[in-house]
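Here is the structure we will look at, set down as structure tokens.
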There are 2 protein chains.
Amino acid sequence: MSLAHAILGFLREQAMTGYELKTLCFDHDAQHFWTADQAQIYRTLEGLEKRGHVTSRVKRQRSRPDRKVYSITPAGVEELDRWAATPAPLPPLRDPFLIQLRFADRLSDEDLLHIVRERRSAMQQRLDILRARAAEEAKGAGRDAILHRLTLGAAMSDARSTIDWLDGALETLSDLIEQEHPTEPGTQSRLFARRTDERGSTS
Amino acid sequence: MSLAHAILGFLREQAMTGYELKTLCFDHDAQHFWTADQAQIYRTLEGLEKRGHVTSRVKRQRSRPDRKVYSITPAGVEELDRWAATPAPLPPLRDPFLIQLRFADRLSDEDLLHIVRERRSAMQQRLDILRARAAEEAKGAGRDAILHRLTLGAAMSDARSTIDWLDGALETLSDLIEQEHPTEPGTQSRLFARRTDERGSTS
DNA sequence: TCATTGTATATGTCTTCACATATACTTGTG
DNA sequence: CACAAGTATATGTGAAGACATATACAATGA
């Protein structure tokens, strides 16, 4: 299970509660490569404890609910290292948007361009967030910092290339529509896509 | 549900059995944007029938198991069009490989380079398959054919850009390793990545 | 003062997906 | 002739993920 190993990874860096894993790790650090909801994190922690990969001790608090601090065990570290060195199969290609596009031939011109433009703007937003994260990222030259930056770079490169593809698609579709109902002379076409903005969001 | 809508899309093009959906559509046509196993397809068809989006009639066969041919209903067509025009949320960023990379700081140099190289070779293989599919693709200029090619292009552009990123990562990591234990003079380093081959597989 | 936000864990339930197995007959291959 | 592969549908089971809700108290703010 990938989530279990992500949790082991964070706990190897520092002992933490489920709440901290959720708010500090998965909602920020891991945001660009793995997301998980709270319920899943708590249940995965239970499973890891049963398998002996983590241990927990409860810290009493008066004014707050008790904290259950999880630590990784030697067996957990071993499992993490073993898993990290084993090539993972490629994640399956599975994108609802491409289903929509594949079967969009009965959509109106407006609807067709709309879903593509919406997708572009959502992607640009994602890229903006990633760029902001990259900007605030520590500038370390250690293995750890470099690895960290590399994963951010993967997500950014992915978003960037998707946006470029979307712009190409938008142009292809505009040409097609233009060709199907030629614009009357003097009428300015508004269908053409703006090219990718290298510097930031256009939305 | 995305799978249900993909099925509606294929059935809108032609009435079919679950078996044909699996072998002809999902194992080939939809391979690059949605995969589904047989059990899931059959169960989703049941659900679609209950909701009135498809109907089925059984064709007796003497020498073979009976065929249950599914057809899309007007309600199904309506549902498909409605869904296709509704912008879908971005699929979550979730890649086990990036978890591995993020927590790979304790891996040996060999293991680290190995998982990245394996990933590159798997991606190149995926790209080769996509290119082969694109080559055998019909060359139509109709909306349908263009949409079809566009989805293939999305998958190819994704694979292509991922490979480029992996090559960059490989170089970054090689530099890092080189820097951590400098090569003795006269010793040829084998750590550097080959640049992306524009024409095909290097694996 | 009342409502919201933050800290903290836990459970219930549903959907989607993955993997295995059962059944049954035919055709093609070694 | 035996065995594998192809045609065809169906069920069982479990893991993973999504979403909702319960509990409990403190601090902050309108």
Side-chain angles (χ1 to χ4, degrees), chain A residues 1-8 15-28 30-31 33-51 54 56-70 83 88-96 99, chain B residues 1-8 15-28 30-31 33-51 54 56-70 83 88-96 99:
Chain A
M1 222 218 314
S2 294
L3 177 59
H5 293 98
I7 289 176
L8 286 178
M16 264 182 285
T17 66
Y19 184 78
E20 287 169 324
L21 276 167
K22 171 62 176 157
T23 54
L24 305 179
C25 299
F26 286 94
D27 286 349
H28 293 100
Q31 204 200 329
F33 60 81
W34 206 270
T35 53
D37 85 345
Q38 177 257 39
Q40 225 179 319
I41 291 170
Y42 279 93
R43 280 196 262 246
T44 304
L45 281 167
E46 278 176 38
L48 283 168
E49 188 160 30
K50 243 173 247 164
R51 262 174 277 148
V54 304
S56 66
R57 69 214 142 90
V58 175
K59 286 221 168 175
R60 287 282 158 74
Q61 300 195 129
R62 314 153 210 91
S63 60
R64 294 282 168 75
D66 290 351
R67 289 161 54 83
K68 206 164 161 184
V69 181
Y70 287 91
W83 177 81
L90 291 181
L93 293 166
R94 199 173 273 164
D95 186 346
I99 304 181
Chain B
M1 223 218 315
S2 295
L3 176 59
H5 293 99
I7 289 176
L8 287 177
M16 264 183 285
T17 66
Y19 185 78
E20 288 169 325
L21 276 167
K22 170 62 176 159
T23 56
L24 305 178
C25 300
F26 286 95
D27 286 350
H28 293 101
Q31 204 200 329
F33 60 80
W34 205 269
T35 53
D37 85 345
Q38 177 256 39
Q40 222 179 321
I41 291 170
Y42 279 94
R43 280 196 262 244
T44 303
L45 281 168
E46 277 175 41
L48 283 168
E49 189 160 29
K50 241 172 250 164
R51 261 174 277 151
V54 303
S56 67
R57 69 214 141 89
V58 175
K59 286 219 165 174
R60 286 281 158 74
Q61 300 196 131
R62 313 153 211 90
S63 59
R64 296 280 171 76
D66 291 350
R67 288 161 53 83
K68 205 164 165 185
V69 182
Y70 287 91
W83 177 80
L90 291 182
L93 293 167
R94 200 175 272 164
D95 186 346
I99 304 180

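Protein chains get the first letters and strands the later ones, always in sequence-line order, with residue 1 at the start of each. All heavy atoms count here, side chains included; hydrogens, waters and symmetry mates do not.
When the side-chain nitrogen and oxygen atoms of A:Arg43 are compared with OP1 and OP2 of D:dA18, none of them lie within a distance under 4.0 Å. For D:dA10, one of the phosphate oxygens OP1 or OP2 lies less than 4.0 angstrom from a side-chain nitrogen or oxygen of B:Lys68. The side chain of B:Gln40 contributes an N or O atom lying less than 4.0 Å from OP1 or OP2 of C:dC17.
One interatomic measurement links the two molecules: CG of B:Leu48 to P of C:dT16, which rounds to 11 Å at whole-angstrom precision. Between A:Gln38 atom CD and D:dT21 atom P there is a gap of 14 Å when expressed in whole angstrom units. Across the protein-nucleic acid pair, A:Ile7 atom CD1 and D:dA16 atom P stand 11 Å apart, rounded to whole Å. The interatomic distance linking B:Glu49 (CD) with D:dT9 (P) rounds to 12 Å, in whole Å. Rounded to an integer number of Å, the gap from CD1 of A:Ile41 to C1' of D:dA16 is 13 Å. Per the geometry, CG belonging to B:Leu45 stands 14 Å off P belonging to C:dT16, to the nearest Å. Rounded to whole Å, the distance from OH on A:Tyr70 to P on C:dA10 is 6 Å. Between the CZ atom of A:Arg67 and the P atom of C:dT9 there is a distance of 7 Å, rounded to whole Å.
Counting non-hydrogen atoms under 4.0 angstrom, B:Ser2 reaches nothing in the nucleic acid. Residue contacts for A:Thr44: at a heavy-atom cut-off of 4.0 Å it reaches no nucleic acid atom on any strand shown. Within the 4.0 angstrom heavy-atom criterion, no nucleotide atom of any strand lies near B:Ala36.
Heavy-atom distances to DNA chain D give each of B:Pro92 and B:Tyr42 a nearest nucleotide, and the one nearer the 5′ end belongs to B:Tyr42. Judged by closest nucleotide on DNA chain D, B:Glu46 is the one of A:Asp37 and B:Glu46 placed further toward the 5' end.
Of the candidates A:Arg57, A:Glu49, A:Met16, A:Tyr70 forms a side-chain contact (heavy atoms from CB on, under 4.5 Å) with just one, namely A:Glu49.
Rounding to the nearest 0.5 Å gives a distance of 8.0 Å between CG of A:Leu48 and NE2 of A:His5. A distance of 4.0 Å separates CD1 of B:Ile7 from CG of B:Leu3, quoted to the nearest 0.5 Å. Remark: B:Met1 CE to B:Leu8 CG distance equals 9.5 Å, nearest 0.5 Å. Note: A:Glu20 CD to A:Asp27 CG = 13.0 Å, rounded to the nearest 0.5 Å. Distance check, rounded to the nearest 0.5 Å: OH of B:Tyr42 to CG of B:Asp37 gives 11.5 Å.
Of the listed nucleotides (D:dT9, D:dG17, C:dC17), D:dG17 has the atom at the smallest distance from the side chain of A:Met1. When the nucleotides D:dA10, C:dC17, D:dA18 are ranked by their closest atom to the side chain of B:Leu3, C:dC17 comes out on top. Checking D:dA8, D:dC19, C:dA8 against the side-chain heavy atoms of B:Thr17 singles out D:dA8 as nearest. The side chain of A:Arg94 lies closest to C:dA18 when the candidates are C:dT9, D:dT9, C:dA18.
For the pair A:Lys22 (side chain) and A:Ala36 (backbone), a donor-acceptor distance under 3.5 Å is present. Here the side chain of B:Tyr19 pairs no donor or acceptor atom with the backbone of B:Gln38 at under 3.5 angstrom.
Side-chain contact between B:Pro96 and A:Trp34: present, with at least one pair of heavy atoms (C-beta onward) separated by less than 4.5 Å. Within the 4.5 Å cutoff, the side chain of B:Thr35 has no heavy atoms near those of the A:Leu93 side chain.
Taken residue by residue, residues 19-28 of chain B places heavy atoms nearer than 4.0 Å to DNA chain D at B:Tyr19.
Pairing analysis of DNA chain D (Watson-Crick: purine N1 to pyrimidine N3 plus N6-O4 or O6-N4; G-U wobble: N1-O2 and O6-N3; both under 3.5 Å) yields stems of 3 or more pairs at C:1-30 with D:1-30.
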